[in-house]
Number of protein chains: 2
Amino acid sequence: MSFSIREMAQKAKVASRQLAKLSAQRKNAVLASIADNLVSMSDRILAANQQDLANGREAGLSEAMLDRLALSEQSLAGIAGAVRQIASQDDPVGSIRDIRRQPSGIDVGKMRIPLGVIAMIYESRPNVTIDAAALCFKAGNAVVLRGGKEALHSNLALAECIHLALQAHGLDPHAVVVIPDPDRAIMNELMTLNQYIDLIIPRGGEGLIRFVSENSRIPVIQHFKGVCHLYVDKAADEVKALGLLTNGKTQRTGVCNALETLLVHKEIAPTFLPMAAAMFDERKVRVHACAQSLGYFHNAEPATEADWDAEYLALEIAVRVVDDYQQAVEHLEQYSSGHTEVIATQDYSTAQQFIRDINSAVVMANASSRFSDGGELGLGAEIGISTSKLHAYGPMGVESLTTEKFVVLGDGHIRQ
Amino acid sequence: MSFSIREMAQKAKVASRQLAKLSAQRKNAVLASIADNLVSMSDRILAANQQDLANGREAGLSEAMLDRLALSEQSLAGIAGAVRQIASQDDPVGSIRDIRRQPSGIDVGKMRIPLGVIAMIYESRPNVTIDAAALCFKAGNAVVLRGGKEALHSNLALAECIHLALQAHGLDPHAVVVIPDPDRAIMNELMTLNQYIDLIIPRGGEGLIRFVSENSRIPVIQHFKGVCHLYVDKAADEVKALGLLTNGKTQRTGVCNALETLLVHKEIAPTFLPMAAAMFDERKVRVHACAQSLGYFHNAEPATEADWDAEYLALEIAVRVVDDYQQAVEHLEQYSSGHTEVIATQDYSTAQQFIRDINSAVVMANASSRFSDGGELGLGAEIGISTSKLHAYGPMGVESLTTEKFVVLGDGHIRQ
């Protein structure tokens with residue numbers, strides 16, 4: 001295949017200039033067409049998906065991977081619904097804030113603008129193709145999508161829905177580029193094209209993200225892992241704390257906002273840990289316990305150093321008793337992945353202190369870590385979760401795909 | 001010298017946790033002490049500076065470089081004044097915005113927090129040592145400073161002023177690390193320490209910035225160059241436009257917000273270019289002119305492709321006549337360095353259009369490009385100017401050295 005990623009990225013850059021100038025109304029009309037196409041072209045998409053699934057079975061993909069790869073009428077309708085929801089969100093582009101007159105007499109404000117071209121590198125889920133394209137498009141960006149090779153036919157069929165919508169509205173189809181060749185060499189070249197691409201967002205396993213971060217010449221938004229903590233303070237309401245623990249650990253386990261470590265103040269441990277132990281027994285949660293807490297659990301294993309860093313993504317938890325608030329903070333400073341940390345306490349000062357002291361992307365008092373997601377935090381659809389502090393920190397919505405320029409209005413003003 | 005940059009960066013990371021929790025009052029007291037020390041220790045600093053100047057003369061540094069290297073009683077007083085001004089600015093850290101109740105009942109807002117540890121890599125000007133340390137400190141960050149080897153003694157003497165101030169206030173001196181060894185290998189190692197350092201800001205020539213951008217594993221804020229444009233529209237007020245041209249090109253030439261290219265609408269060229277030519281003659285500005293404008297100037301050279309990309313930083317300008325507004329926009333889309341662009345027009349719609357269409361970091365209507373600087377735009381002191389769109393775009397003040405985390409307040413809320 002004579003496919004040039006450099007040429008495609010360059011064309012995406014050109015298309016991005018057109019996108020940056022589109023009105024919210026036109027962008028939303030395109031998004032509506034994409035949603036319509038997903039439904040009306042579902043036979044074609046599902047046939048392509050069947051091909052990917054057959055290849056995947058042949059290649060020996062696990063049931064879990066095949067499950068992530070599979071599309072259905074119903075899941076397509078869900079994806080189309082998500083696109084309509086993105087269309088209904090506010091358009092951040094073009095809003096101006098804080099115009100202030102400076103001592104020189106010029107008026108200075110900031111206007112929100114698109115980033116330009118965003119590259120997404122992701123693994124098997126084909127829905128990411130549509131989600132990412134819709135979010136980037138809503139924010140006025142062109143996007144270059146490099147999905148997993150297992151999903152290639154599905155992704156190309158989904159790309160067709162997008163391209164038909166763009167063309168129906170008279171727009172450059174290079175606004176959304178789906179790389180038709182999953183060769184690793186193309187991905188490597190993609191990461192060098194900093195004259196055309198403004199941002200790379202990798203979504204997938206830690207290996208992929210680390211590889212992209214270490215090799216990209218383009219800025220990367222990283223999301224390594226979510227080792228979320230619940231600290232049950234001595235002044236916690238034990239019933240509420242147990243609710244947070246149960247919800248955080250067991251409501252859904254394979255997600256980055258699930259709890260992985262429980263810290264308990266030693267003064268509340270004698271009453272709280274038996275409650276936690278009963279819940280863990282009932283929900284079949286495996287426990288890795290510190291020396292001070294080990295005796296409270298049946299069948300717990302002694303926690304090792306590795307457990308404090310572990311993202312189990314399973315019915316499994318690390319438990320540590322701490323001497324005081326300060327020791328809890330020190331534990332977090334050492335082991336936090338920067339994702340989400342929760343305190344359970346009824347003490348006003350301690351809650352305030354925790355909210356100030358802990359600089360993870362999301363810091364909570366008396367709320368479940370499971371709320372740490374774009375939708376629940378009020379951002380609408382989410383394109384990823386950043387655990388690095390530059391540009392975006394925490395769940396990223398449409399606004400994270402934009403930046404701000406300075407706008408200066410004068411009337412012939414010159415500098416003295 | 002047994003200096004370990006890894007160890008220093010790690011200590012800076014530890015110190016950064018202390019800094020993040022400091023009140024504005026304590027930070028400002030430390031800044032005041034630094035300013036005091038700059039004055040009271042001026043003999044020592046100037047002696048160290050003399051040593052650098054002597055070494056520089058011996059090494060054959062140019063007069064311009066020696067000039068940038070030189071400190072005096074007066075310049076030290078100026079630097080101390082800048083530190084006091086930074087102390088008097090608002091502290092962005094800890095401010096919370098937009099707390100909103102979500103449908104689930106949790107309250108969600110965003111709190112501004114420091115980035116952590118910032119590394120500055122810069123060239124000969126020793127005042128950057130103090131400016132950068134003061135700005136990073138004000139924003140609650142630790143900082144690792146790697147200045148040029150020509151300024152090493154000056155930088156170490158300046159570092160002493162800072163360390164004495166930190167120690168006098170009971171703070172960890174590793175909050176400000178000045179690398180005592182200008183070996184290139186240490187800089188190279190610095191750029192790999194992404195577990196300790198959150199951001200690198202290179203300040204200096206394009207070669208330095210490109211080297212850091214291409215080799216760093218830590219996010220980099222780039223400022224490549226400022227090829228600032230003035231577009232004189234057909235509806236320009238010619239007197240105002242000439243004022244903007246004169247101020248932008250000649251008020252100060254060696255700065256990134258000076259004008260480098262003049263674009264003139266063909267309908268106004270016959271009256272405006274003779275005015276421009278007279279001013280260029282008077283101010284001895286060398287002209288590189290397009291074929292259509294060449295005839296208006298005495299001694300102009302024909303512009304080549306390279307002139308449209310040139311950052312002259314001198315009394316030198318490229319001039320092009322464009323057929324219409326659209327051609328001016330296309331010129332900017334192709335050649336803009338993303339720094340600052342100006343339109344001179346009295347036409348309301350054209351001004352509005354330009355402000356929307358051009359996505360450089362600073363876009364102006366009827367104001368001099370020379371206003372494109374942190375102080376003039378109302379940011380206070382400036383740590384650099386970003387021409388890449390991620391995290392910060394345009395002049396960067398204290399707020400650019402911070403990020404935001406999500407704050408969630410619940411009362412035992414769990415996710416359904």
Side-chain angles (χ1 to χ4, degrees), chain A residues 17 20-21 94 100 102 104 106 108 111 113-116 194 198-199 213-214 217 219 237 239-240 243-244 246-247 251 333 351 355-357 359-368 370-372 376-378 388-391 393-395 403-415, chain B residues 17 20-21 94 100 102 104 106 108 111 113-116 194 198-199 213-214 217 219 237 239-240 243-244 246-247 251 333 351 355-357 359-368 370-372 376-378 388-391 393-395 403-415:
Chain A
R17 296 191 188 120
K21 295 171 194 158
R100 294 203 180 105
Q102 300 302 319
S104 62
I106 57 175
V108 179
M111 187 192 289
I113 59 172
L115 286 172
N194 51 3
D198 297 279
L199 172 65
S213 306
E214 297 194 349
R217 287 199 188 164
D237 175 316
V239 174
K240 287 179 191 164
L244 300 179
T246 310
N247 192 247
Q251 196 230 3
E333 286 180 343
I355 291 288
R356 299 253 155 208
D357 283 351
N359 281 340
S360 293
V362 184
V363 55
M364 302 182 167
N366 301 311
S368 171
R370 292 278 298 119
F371 286 118
S372 191
E376 295 292 335
L377 296 180
S388 48
K389 289 179 181 160
L390 267 285
H391 187 70
Y393 193 37
T403 189
E404 287 181 311
K405 69 182 176 192
F406 287 90
V407 166
V408 178
L409 306 175
D411 190 17
H413 288 77
I414 61 170
R415 188 156 166 191
Chain B
R17 295 191 188 120
K21 295 171 194 158
R100 293 202 181 107
Q102 301 301 319
S104 63
I106 57 175
V108 179
M111 188 192 290
I113 58 171
L115 286 173
N194 51 4
D198 297 280
L199 172 65
S213 306
E214 296 192 349
R217 287 199 186 164
D237 175 315
V239 174
K240 286 178 192 166
L244 299 180
T246 310
N247 192 248
Q251 196 231 3
E333 286 180 342
I355 291 286
R356 299 251 155 211
D357 283 352
N359 281 338
S360 292
V362 185
V363 54
M364 301 182 168
N366 300 312
S368 170
R370 292 277 297 118
F371 287 118
S372 191
E376 295 292 336
L377 297 179
S388 48
K389 289 179 182 159
L390 267 284
H391 186 71
Y393 192 36
T403 189
E404 288 182 311
K405 68 182 176 192
F406 287 90
V407 167
V408 178
L409 306 175
D411 190 16
H413 288 78
I414 60 170
R415 188 155 165 194

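Side-chain atoms are counted along with the backbone in the values below, which use heavy atoms only and exclude waters and symmetry mates. A note on names: the letters A, B, ... follow the listed sequences, proteins ahead of strands, and every chain is numbered from 1. Since we're looking at a predicted model, the values are computed, not measured.
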Do Leu409(A) and Asn366(B) have side chains that approach each other closer than 4.5 Å (heavy atoms only, starting at C-beta)? no
Could you look at Gln251(A) and say if it's the side chain, the backbone, both or neither that has a heavy atom under 4.5 Å from chain B? side chain
Under 4.5 Å from a heavy atom of chain B, the part of Ala20(A) involved: side chain
Part of Ser360(A) lying under 4.5 Å from any heavy atom of chain B: backbone
If we only count heavy atoms from C-beta on, is the Ile414(A) to Leu244(B) side-chain gap below 4.5 Å? yes
Correct closest heavy-atom pair for Glu376(B) and Ile106(A) would be O-CD1, 4.0 Å
With a 4.5 angstrom heavy-atom cut-off, could you sort out which part of Arg100(A) is near chain B: side chain, backbone, both or neither? neither
Test side chain to side chain contact (heavy atoms under 4.5 Å, CB included) applied to Gln102(B) and Leu377(A), step by step: CA-CA 7 Å; Gln102(B) 301 301 319; Leu377(A) 296 180; 5.9 Å; no
Flag side-chain contact, heavy atom, 4.5 Å: Asn194(B) against Ser213(A): no
Val408(A) versus chain B, heavy atoms under 4.5 Å apart: side chain, backbone, both or neither? both
Please flag which part of Asn247(B) lies under 4.5 Å from any non-hydrogen atom of chain A: side chain, backbone, both or neither. side chain
Side chains of Lys405(A) and Val362(B): closer than 4.5 Å at any heavy-atom pair? no
Is the closest side-chain heavy-atom distance between Val108(A) and Phe371(B) below 4.5 Å? no
Check: Met111(A) and Arg356(B) side chains under 4.5 Å, non-hydrogen atoms: yes
